[in-house]
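What follows is one structure encoded as structure tokens, with my remarks underneath.
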Amino acid sequence: MQFTLSAQPPFSLPAVVRSHGWAQLAPFGIEEDSGRLTYVVRLESSRVVALAIGEAPDGVSVEVDAELDPLEQTEVGGMVSWMLGLDQEFDAFYALAQEEPKLARVVERAQGRLLRSPTLFEDVVRTISTTNTQWRATIRMNAALVDHFGAPLAADPARRAFPTPEQLAVLDEAALRSEARLGYRAPYVLELAQAVADGTLDLEALKSTAMPTPQLRKRLLAIKGVGNYAAANLLMILGRYDFLPIDSWALKMVSREWHDGEQIGPAEVEAAFARWGEWQGLAYWFWAWEE
DNA sequence: GGTAGACCTGGACGC
DNA sequence: GCGTCCAGGTCTACC
């Protein structure tokens, strides 16, 4: 079945897909011929369905490989809307960006939205898998988690959904180390899955909380495996841009841009973007760096 | 509050 | 083929 969803203008599906590397992580995918974003998801009913999301006038079209009942369609619609940030608007950021040559292109490209997973749990696990490793290993970890522990698609069992907290919570640390190659991250992911599965930690509530950003950041930092970089990355996913996800790449790029390649620390990165206030995360993320 | 060392994997390199 | 070194953030112990 197929249906459409409207987006807050301006909207560009390719801009969301290219906003960061999530589209390369299982169970996301890109259709070679059409360029549509694909995703395999397990619904609340435990049904596993495949989505193919393409551009449509004023928004996106969503093709599902099965017929959905009205409740399931509402669930998938809400999920896709969250993943693509269809309701997000960036007028205030664009007004500032137009005055900065290094950000002028974000307006014409409709940049600002970051591709998200349906659940914050999934995005926390993904973010932990990006830390202290190379991107190729991150791709491998996510693929292994999906391949070994995700629920299969009935029509094509080779395709699987991202494992739920409940599915991971019953595993042991050794399985996450050896099968998913999570290494020292295994106990962090296991602890997180168990806390979400038993209700101790309500991550989904953080998607809509009115909590001030510093307080929300403290909540994220309380998760084992989530440090300053990971917390800032997750805040960006949650639509809060007051903190910068400073990693080794950020230090290198800011050093090149403003410090003649000299060794710098996080304080210099923060100083470089402080003037962007609540939008500093986006200013950093979409800055036209000299590669 | 700041710092050093350990954590784990995989790639690069030298032998 | 094997061993060593290194990069990549976070945690813990220690000062």
Side-chain angles (χ1 to χ4, degrees), chain A residues 19-26 114 116-117 120-149 163 165 168 171-196 200-201 203 206 213-238 240-257 259 261-274 280-281 284-285 287 289 291:
Chain A
S19 59
H20 59 152
W22 261 211
Q24 298 173 39
L25 302 180
L114 300 177
R116 320 191 255 212
S117 305
L120 188 56
F121 168 75
E122 189 173 322
D123 276 334
V124 175
V125 174
R126 287 197 202 287
T127 300
I128 289 174
S129 79
T130 68
T131 60
N132 202 23
T133 193
Q134 294 178 336
W135 183 244
R136 268 181 293 187
T138 299
I139 292 174
R140 226 178 344 252
M141 285 182 230
N142 281 266
L145 277 170
V146 169
D147 289 344
H148 286 99
F149 309 120
L168 293 183
L171 300 173
D172 59 23
E173 191 182 312
L176 288 170
R177 281 181 187 270
S178 60
E179 313 266 358
R181 314 300 293 170
L182 290 181
Y184 69 91
R185 303 168 197 81
Y188 302 154
V189 170
L190 184 59
E191 186 178 319
L192 175 70
Q194 289 170 340
V196 173
T200 311
L201 178 61
L203 279 182
L206 301 184
T213 306
Q215 198 178 333
L216 181 53
R217 176 172 172 268
K218 281 186 182 172
R219 285 281 187 91
L220 295 169
L221 287 170
I223 300 170
K224 285 270 186 69
V226 174
N228 287 334
Y229 161 79
N233 191 63
L234 288 164
L235 285 173
M236 296 260 292
I237 282 171
L238 289 168
R240 313 283 191 112
Y241 313 109
D242 325 45
F243 292 88
L244 301 173
I246 302 172
D247 57 6
S248 56
W249 188 86
L251 295 170
K252 185 170 78 176
M253 300 315 285
V254 170
S255 170
R256 279 189 194 170
E257 189 92 0
H259 298 275
E262 288 181 16
Q263 191 166 356
I264 61 167
E268 283 78 11
V269 179
E270 287 164 357
F273 287 93
Q280 57 187 290
Y284 158 73
W285 201 255
W287 196 259
W289 300 103
E291 292 282 359

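Letters A, B, ... are given to chains in the order of the sequence lines, protein chains preceding strands, and every chain is numbered from 1. Computed from a predicted structure; not experimentally measured.
Between A:Arg140 and A:Arg181 there is no side-chain heavy-atom pair separated by less than 4.5 Å. Put simply, the side chain of A:Leu176 reaches to within 4.5 Å of the side chain of A:Phe149, judged on heavy atoms.
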Side chain to side chain contact (heavy atoms under 4.5 Å, CB included) assessment of A:Glu270 paired with A:Ile246: CA-CA 9 Å; A:Glu270 287 164 357; A:Ile246 302 172; 3.8 Å; yes
Worked check of side chain to side chain contact (heavy atoms under 4.5 Å, CB included) between A:Leu244 and A:Trp285: CA-CA 9 Å; A:Leu244 301 173; A:Trp285 201 255; over 6 Å; no
Test side chain to side chain contact (heavy atoms under 4.5 Å, CB included) applied to A:Leu145 and A:Leu168, step by step: CA-CA 9 Å; A:Leu145 277 170; A:Leu168 293 183; 4.2 Å; yes
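For the segment residues 178-195 of chain A, residues with any heavy atom less than 4.0 angstrom from an atom of DNA chain B are, sorted by number, A:Arg181, A:Gly183, A:Tyr184. The stretch residues 123-135 of chain A touches DNA chain C through A:Thr131, A:Asn132, A:Thr133, each having a heavy atom within less than 4.0 Å of the strand. Residues from residues 214-225 of chain A that place a heavy atom under 4.0 Å from any atom of DNA chain B: there are none.
Here the CG atom belonging to A:Leu171 is positioned 14.0 Å from the CZ atom belonging to A:Arg177, to the nearest 0.5 angstrom. To the nearest 0.5 angstrom, A:Leu190 atom CG is 10.0 Å from A:Leu182 atom CG.
Helix-axis bend for the helix from B:dG1-C:dC15 to B:dC15-C:dG1: the local axis fitted to the five terminal pairs at one end deviates from that at the other end by 30°, rounded to 10°.
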Hey, can you pull the donor-acceptor pairs under 3.5 Å for the side chains in residues 214-236 of chain A, sequence neighbours left out?
{"from": "A:Arg217", "atom 1": "NH2", "to": "A:Asn228", "atom 2": "OD1", "distance (Å)": "2.9"}
{"from": "A:Asn233", "atom 1": "ND2", "to": "A:Thr127", "atom 2": "OG1", "distance (Å)": "3.3"}

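Applying the side chain to side chain contact (heavy atoms under 4.5 Å, CB included) criterion to A:Glu257, with sequence neighbours excluded, gives A:Lys102, A:Trp287, A:Trp289, A:Glu290. Under the side chain to side chain donor-acceptor pair (under 3.5 Å) criterion, A:Arg240 pairs with A:Thr213, not counting sequence neighbours. Looking at residues two or more places apart in sequence or on another chain, you find no ring pair (Phe, Tyr, Trp, His ring centres under 6.0 Å) involving A:Phe243. Residues passing the side chain to side chain donor-acceptor pair (under 3.5 Å) test with A:Asp123, sequence neighbours excluded: A:Trp22, A:Ser117.
Taking both residues in full, the closest heavy atoms of A:Ile237 and A:His20 are given as CD1-CE1, 4.4 Å, listed atom of the first, atom of the second, then distance. In terms of heavy-atom proximity, A:Ala143 sits nearest to A:Ala26 at CA-CB, 3.9 Å. The two atoms that bring A:Phe121 and A:Ala193 nearest to each other are CE1-CA, 3.7 Å, heavy atoms only.
No donor-acceptor pair under 3.5 Å is formed between the side chain of A:Ser255 and the backbone N or O of A:Gln263.
A 4.0 Å heavy-atom criterion places the boundary nucleotides of DNA chain C facing chain A at C:dG8 to C:dT12, written 5' to 3'. Protein chain A touches strand DNA chain B; the 5'-most and 3'-most nucleotides with an atom under 4.0 angstrom of its non-hydrogen atoms are B:dC7 to B:dG11.
Among residue pairs with one or both ends in residues 182-191 of chain A, those qualifying as side-chain hydrogen bond (donor to acceptor under 3.5 Å, both in side chains) are A:Asn132-A:Tyr184; sequence neighbours excluded.
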